[in-house]
*Asks:* 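Mind having a look at this structure? Questions to follow.
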Amino acid sequence: MKFAISVHGAPFSSSAAHSAYRFAEATLDAGHKIARVFFYHDAVRTGDSLSVAPQEENTVIDRWAELSEKHEFELAVCIAASLKRGVINDEARDRYEKPAANLHPAFTIVGLGQLIDAIAGADRFISFGA
Amino acid sequence: MKFAISVHGAPFSSSAAHSAYRFAEATLDAGHKIARVFFYHDAVRTGDSLSVAPQEENTVIDRWAELSEKHEFELAVCIAASLKRGVINDEARDRYEKPAANLHPAFTIVGLGQLIDAIAGADRFISFGA
Amino acid sequence: MATLHLVNSQTALQSCLDVAADDDSVLLIEDGVYGATTDVARALLVLAPDVEARGLKDRIPSTAESIDYDQFVALVETHKPIVTWC
Amino acid sequence: MATLHLVNSQTALQSCLDVAADDDSVLLIEDGVYGATTDVARALLVLAPDVEARGLKDRIPSTAESIDYDQFVALVETHKPIVTWC
Amino acid sequence: MDAKHILYLLRKSPYSSSNAVEALDSALVAGVFEQNVSVLFKDDGVWQLLDGQRGAAIERRTVGNVMQALPQYDIEQLFACEVSLNERGLQLEDLALTVKPLSLEEQRKLITRQDAVVND
Amino acid sequence: MDAKHILYLLRKSPYSSSNAVEALDSALVAGVFEQNVSVLFKDDGVWQLLDGQRGAAIERRTVGNVMQALPQYDIEQLFACEVSLNERGLQLEDLALTVKPLSLEEQRKLITRQDAVVND
């Protein structure tokens, strides 16, 4: 089966990022495919490469990166939600004249259409809310 | 009177940053002093200089900066809360080998002791929760 | 000195009312202002901009007094401690 | 196909139960697992790691079945749609 | 790709976070992509429907205005939970959008018809 | 500066966000700074007290362990709302920390004695 997953909560502020990761991992272990993981609302913060995880706690970003590389699915961060929450790529850095970009290279900035596209192309859609 | 203010919610994800700003402004208008504004929990994201506010919505960071400069009070971001939420200054950038820092220059990274210090030295303590 | 209770969600209101003394002040802000649309057996204050944003102007009973930020500051001057319920 | 309801807060549980059909499955995750500690008049599933983290192992009644992530995936295979209540 | 039945289940109050307005944006895009979109306002989500909102008072987009764009994007299956409206004392004439009130049983049937449910 | 009476009013469940553990960290620092600190666990905050937590199951710090450090930082005025405990079926022997249950009236008096109240 093909799964589309959306995540709505920020790491550390909600459990959504952790639950979604564990679910994605189990999905792939079971032989399913993931069409796309869409990070929306506060979950766009998952794609921030500047955060420093405390000891003992999950460093979910690097594991998302590994999982997506190994299983070839997209980690999609919603552009409208991410700009205001300070997760920007090189293009946004230049356009808004910001001193730096901070999007993790494993993540891609996309529009909301990519959420709908993932839902339309998947057998199942599941969201991890906050 | 001397006020200490703490803020707990992220801009866009909660109303705390906006309410706290309006309250701080009214406090100063009434002739009071602000000992320190302490940003804790998700509110540390207020000090992020990479966020791009949408049109129509509040760009609270620049107004905090103006207010603190004019009235000489500290905008303090809690270090333990901010590292994991990806708000870092130059020192943290170097220490954790991150590609950039994103703390707005009007904000200062401090320890929790500065919250207690502000409370101990103020006539009133008020927090804007989330 | 009497306590000022700051309530910014509707679910927190009952917890606040359970421990608020009769001469304390209870100010509803942000989503807390929805709490004034239901029957509450005590005097409440609501923050005007938060009421206006939500379109609640005509739905707040006359028993709840609407105040602005300047009046909010005046309340903080005359109360201690300030307790936030969120 | 039956619906899978994913409940991740205790306050959302009642809204979910109000519209869940008898043959739907209701899975409590994250803070939703606290919902299993009170009397609920239907079968519930709980996610084991979330129960364990919160120290609730001995407080979940035997009527609530504890599952792991692999079983969670199996539930998603056999249900559609999946509705999240948070 | 075939059009899917997608339900937006909106349960959050309009100004507590950005989630309400962002979920509405998402519903509008689903309309543009010609999916079979329904929207159900439930619990505190029915506050999004209230007429007379003015987000500018707290420097936010007015959620009521975003919501009113739904029919222009060919999203016409607009529902509200009857129980949630009643609990908050909201009458249909208080609302800025024409929605059909649904009983709990009708909501159950609505959900059963969906391929996907998006929450706010 | 004189020591102030500071109450930590902790009402959030331990793992829904980082707030619970961060508020406890703040209370510990207030203890180090020799303030007159009290802690009141109330509403879902009483779940922080439950014995047998294991945050590692979800890769988080175990909030129960952080909380147990309070007495070591000379914070000995530890209270829990009696009503919140009862509503959740929690007995004192279920808890990882010795706390004094307070009635609503006692909580009212506790709050009145404070210079500042910090919430989570």
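In what follows, chains are A, B, ... by sequence order, proteins preceding strands, each numbered from 1. Bear in mind that the values here come from a model prediction, so they are computed numbers and not experimental data.
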*Asks:* Table up the donor-acceptor pairs between chain D and chain E that sit under 3.5 Å, atom names plus distance.
*Replies:*
from    : atom 1 : to       : atom 2 : distance (Å)
D/Ser15 : OG     : E/Asp43  : OD1    : 3.0
D/Ser15 : OG     : E/Asp43  : OD2    : 2.7
D/Asp18 : O      : E/Arg108 : NH2    : 3.1
D/Val19 : O      : E/Arg108 : NE     : 3.2
D/Lys80 : NZ     : E/Asp115 : OD1    : 3.4
D/Cys86 : O      : E/Arg11  : NH1    : 3.1

*Asks:* Roughly how far, to the nearest 0.5 Å, is the CG atom of D/Asp39 from the OG1 atom of D/Thr63?
*Replies:* 8.0 Å

*Asks:* Could you grab the distance from atom CG of E/Leu49 to atom CZ of E/Phe41, nearest 0.5 Å is fine?
*Replies:* 4.5 Å

*Asks:* Show, in sequence, the C-alpha distance, side-chain angles and deciding distance for E/Leu70 and E/Leu28, and conclude whether the side-chain contact (heavy atoms from CB on, under 4.5 Å) test is met.
*Replies:* CA-CA 6 Å; E/Leu70 290 167; E/Leu28 297 176; 3.7 Å; yes

*Asks:* Once rounded to the nearest 0.5 Å, what's the spacing between atom CD1 of D/Ile67 and atom CG of D/Leu27?
*Replies:* 4.5 Å

*Asks:* Are D/Ile60 and D/Ser66 close enough that some pair of their side-chain heavy atoms sits under 4.5 Å apart?
*Replies:* no

*Asks:* Is E/Ile111 close to chain D through its backbone or its side chain, or both, or neither, when contacts mean heavy atoms under 4.5 Å?
*Replies:* both

*Asks:* Working to the nearest 0.5 Å, report the span between CZ of D/Phe72 and CG of D/Leu6.
*Replies:* 4.5 Å

*Asks:* What part of D/Ala2 lies closer than 4.5 angstrom to a heavy atom of chain E: side chain, backbone, both or neither?
*Replies:* neither

*Asks:* What's the verdict on side-chain contact (heavy atoms from CB on, under 4.5 Å) for E/Leu95 and E/Leu85, showing C-alpha distance, side-chain angles and the deciding distance?
*Replies:* CA-CA 10 Å; E/Leu95 310 182; E/Leu85 289 172; 4.2 Å; yes

